[in-house]
Amino acid sequence: MAHPSAAAVLFGALLFALASHAAGFYVPGSYPQEYTEGDPIQVYVNSLKSFDTEMPFEYYSMPFCKPPEGVKGIANMANPGTLLEGLRIENSPYNLSIKVKQTSQVVCKDGPGYYPSLSRKEAATIQKLIDEHYRVNMILDNLPVTMYDLLDETQEYVRPGFELGYKDEDTGKYYINNHLVFNVLYTVTHGEYTQAKEMAQAADAMQFTARKLMGHLPGRVLKAADEADTYYMIVGFEVSPCSIRRTPGLPLEDVVCGVDDFHIRPQEVKENEEITYSYDVYWQKSNIKWASRWDAYLRMPGGNVHWFSIVNSCVVVLVMATLVAIILIRTVRQDLSKYEQLVMDSSAADLKDDAGWKMVAGDVFRSPASSRWLAVQVGSGVQIVLTSTISMVLATMGFLSPAARGALITTTMVVYVWLAFVAGFVAVYVWGLMERTYNGWPIVCFSVSLYFPGIVLALFTVMNLVIFHTGTTGAIPIAMFFTVVLVWFVVSIPLAFVGGYLALRMPIKEHPVKTNQIPRHVPPTSVSSSPWVLFFVAGLLPFGTTFIELYFAMTSIWLGYFYYLFGFLLLIGILAVIITVEISVMCTYVQLCAEDYNWWWPSFRRGGSIAVYIAIYAIGFLLSRVRYMNGFMPIFIYFSYMTIVILGIYFAMGAVGFIASYLFTYAIFKAVKLD
C-alpha cells in the first residue's frame, strides 16, 4: 500500500492537471536551450523496453552503475501518461560537457570503477533480456538516443534506444554492450534565445528600468548580433554501442568500436563477471535547426500512401453522399407521393409493397427494449468521440509533441474526465426521447458514469494483478491507481450528474408521428434487409477508409516507432465518421422499407460494426508477429489494450450511427406528417 502522503500528492497533482494541464505542453519550436562551450549536461536514462514483451523494466533494476549523487527521478518528466506507459526517467552517471570530446570515460565513478561480480540471478536476468531484444533508452536535452544516422534522409524511420546486448548463435554465449560511443549533433547560435528568455523573465518580474529598456538586463548587456557570444544547441543524439572486455582496475585504453574489433574481446555475461562500463563522447556540427530537430525522429514511411488513402476515402464519401442524396431527394419524395395516392385510393393494392417505410409510422418511435442501456452506450460514445476529437486536434496543432512524453495519454484522460458531463447530458436526453419521460434519470447518470470507465478500470485491474509479480514498471503504481479511482469518483461521477440535471431542463422533443398502442407485426425480412447482412455491410466501408492509417498506427505503437501523423489520422477519422453517417442512413432506410420498425438498437450496432473488422485486423496483426513474442504475457497485454481500443471505437461509432439514423428517421416521418 502506498504511503498516504504520496497518494495525497498524486491526487493533488492530478487535480491540478485537470485545471491547468493544457498550459504545460511542450510545443515544437519553443523552450529552446542554449549552452556555452564546457557547460555540463547529464544524460537521463529511461526504462528498458522490448516490443516482443511489452513489459518495461526500470533502468537501475539491472546491474548498471548508479550516479554518485544517488538515483533521482526527473520530476518534470513524470505525469500520469508516463506512469501508464511504464516510463521511469532518472538521472545517470553519464555526464557530458558541451563541445568537449571525451574518450574512455569510466561510468562507475564510485568504488573500484567497475560493476562488482555478477550474481547468478543478475547474469540470468541480462541473458533473458537479451533474448527478448530489450533496448536501453537514454535522453539528452529531451532527445532520445538512437542508433540510426539522423543526417541520413534516405531512412524511412528511426527507432529509439539501442540493444542491451547480443547472443553469439554459434557459441551460445551472451555479450553486453558495455561501451557507448555518443555522437551529439549541435547547431551554432548567437544567444538570441537566451536573451529573449532573460527579457521575458525580467518582464515577468517587473524589473525593467529605463536603462534596461535601452538594451541592458540584470547581470549582462545585450550584444549586437556581430558581438554576440557563440552558443550551441543540441539537435541530435546518436549512439554506437559495442562490447569490450576490459581488465577491472586498469586504466582504460582508447578503442574505436567497429575499427579495432580485431584485437578486442567482447564482454561476456556470466556469473562472477566484473563489467567495466565506459563511454566516449564526440560532437558533430549540423545544419539542423532546433525547431526541426524532431523531424528525423518522426519520419514515417509511405508518405504518398497516406495521401492515396485520403483521396480514396474522399471518393467513397462522394459516392455514398450521392446515394444518400438519391434516397433523400428522389426515393423518399416518390414514396411520399405514392403514399398519398395509397391514402386517396384504398384500392391501389399494387402500391402497398412500395409504401413499406410509411406503413410503420405508428410504431417507428416505439421505445426499444433495454432503452436505459442504449442511452448509456450512446452517451459513452459521444463522450469518446469528443475526447478523441479534442486530443487529435491538439496533437495536430503540435501541442502534444512526442517531446512531452505521456502528454497525449494525460491529455486524453483529463479531457475524458471533464467531458463526463456531456455523457450524462446525452444519456439522459436520449433516455427521455425514447421513454418520453425523465423519470429514473439518476440511475441513467450513475450508469453512464460507471459503464465504459468501469470496463477500462476492470481490465487495468486484471492487468495489474497479472503484471505485478513480474517486477516490471508496466504495472500501474498503487498510489496512481487509487488516485485515478478517486478522481473518477470525486470529479467524473458528479460531472455526469451535472450533465444529467442540465438535460432535465431541456423539453422532450415531440416525435412527428404518434405511437400506436398495439405493436405492429414485423414481417419476415429478405436476405438483403437481414439485420446481420446490414450489420456487416455497414462496417465494411468505414473500415476500408481507415485500413491504411490503422496499419501505420499499430505498427508504430506495437513495434516501437514514433507516430506523429495526427493530421492524417484526424482526416481519416472525420471521413470515417462521414461514411458511417451516410451508410447508417442507407441501412436504416432499407430496414424501414422492410417494415421493420425496430431500428433503435440496430442503428447503434451498425454504426459500431467497424469495431468487428478492426478486431479481426488486430488478430491478424498479432498472428503476423506472434513469432516474435515471448510467452503469454505480451499476448495478454496486447489483447487487453486492443479490447479497450475496440470497445471505445464501437461505442463512439455506434453513437454516430444512432444519431444519424434518428435524425434521418425524424426527418422523413416529419415529411409524412407535413404531406
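All values derive from a computational prediction rather than experimental measurement. Along the sequence shown, the residues carry numbers beginning at 1.
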Subject >> Verdict with reasoning, Tyr134 to Thr53, per side-chain hydrogen bond (donor to acceptor under 3.5 Å, both in side chains) >> reply: CA-CA 9 Å; Tyr134 269 84; Thr53 67; 2.7 Å; yes
If you count heavy atoms of other groups shown closer than 6.0 angstrom to [atom1] of [X], is the number above 12?
X: Asp152; atom1: CG; answer: yes
X: Lys167; atom1: NZ; answer: yes
X: Lys109; atom1: NZ; answer: yes
X: Glu69; atom1: CD; answer: yes

Under 4.5 Å between any side-chain heavy atoms of [X] and [Y], yes or no?
X: Leu408; Y: Phe566; answer: yes
X: Val136; Y: Val45; answer: no
X: Leu83; Y: Pro80; answer: no
X: Ile41; Y: Ile234; answer: yes
X: Val100; Y: Val281; answer: no
X: Ile139; Y: Arg405; answer: yes
X: Tyr60; Y: Pro67; answer: yes

Subject >> Short N-O contact, Glu163 and Arg135, less than 4.0 angstrom >> reply: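 Yes, Glu163 and Arg135 are salt-bridged.
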Flag the pair [X] / [Y] as yes when their ring centroid distance falls below 6.0 Å, and as no otherwise.
X: Phe51; Y: Trp558; result: no
X: Tyr551; Y: Phe621; result: no
X: Tyr232; Y: Tyr35; result: no
X: Tyr277; Y: Phe64; result: yes

**OP:** Decide whether Ser50 and His133 meet the rule of one side-chain donor and one side-chain acceptor closer than 3.5 Å.
**Re:**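 Looking only at side-chain atoms, His133 and Ser50 do not form any donor-acceptor pair under 3.5 Å.
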Original post:
Roughly how far apart are Leu129 CG and Ile126 CD1, rounded to 0.5 Å?
Top reply: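 Spacing of CG (Leu129) from CD1 (Ile126) equals 8.0 Å.
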Original post:
How long is the gap from CZ on Phe57 to CG on Leu48, to the nearest 0.5 Å?
Top reply: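 Phe57 atom CZ to Leu48 atom CG measures 9.0 Å (nearest 0.5 Å).
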**OP:** Show your reasoning for whether side-chain hydrogen bond (donor to acceptor under 3.5 Å, both in side chains) applies to Glu122 and Tyr115.
**Re:** CA-CA 12 Å; Glu122 290 174 332; Tyr115 193 87; 3.0 Å; yes
Original post:
Which heavy atom of Thr82 sits nearest a heavy atom of Arg88, and at what distance?
Top reply: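 Nearest pair, atom of Thr82 first, then Arg88: O-NH1, 3.9 Å.
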Subject >> Name of the residue among Tyr279, Tyr44, Phe237 meeting ring pair (Phe, Tyr, Trp, His ring centres under 6.0 Å) with Tyr94 >> reply: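 It is Tyr279, the one option of Tyr279, Tyr44, Phe237 that forms the ring pair (Phe, Tyr, Trp, His ring centres under 6.0 Å) with Tyr94.
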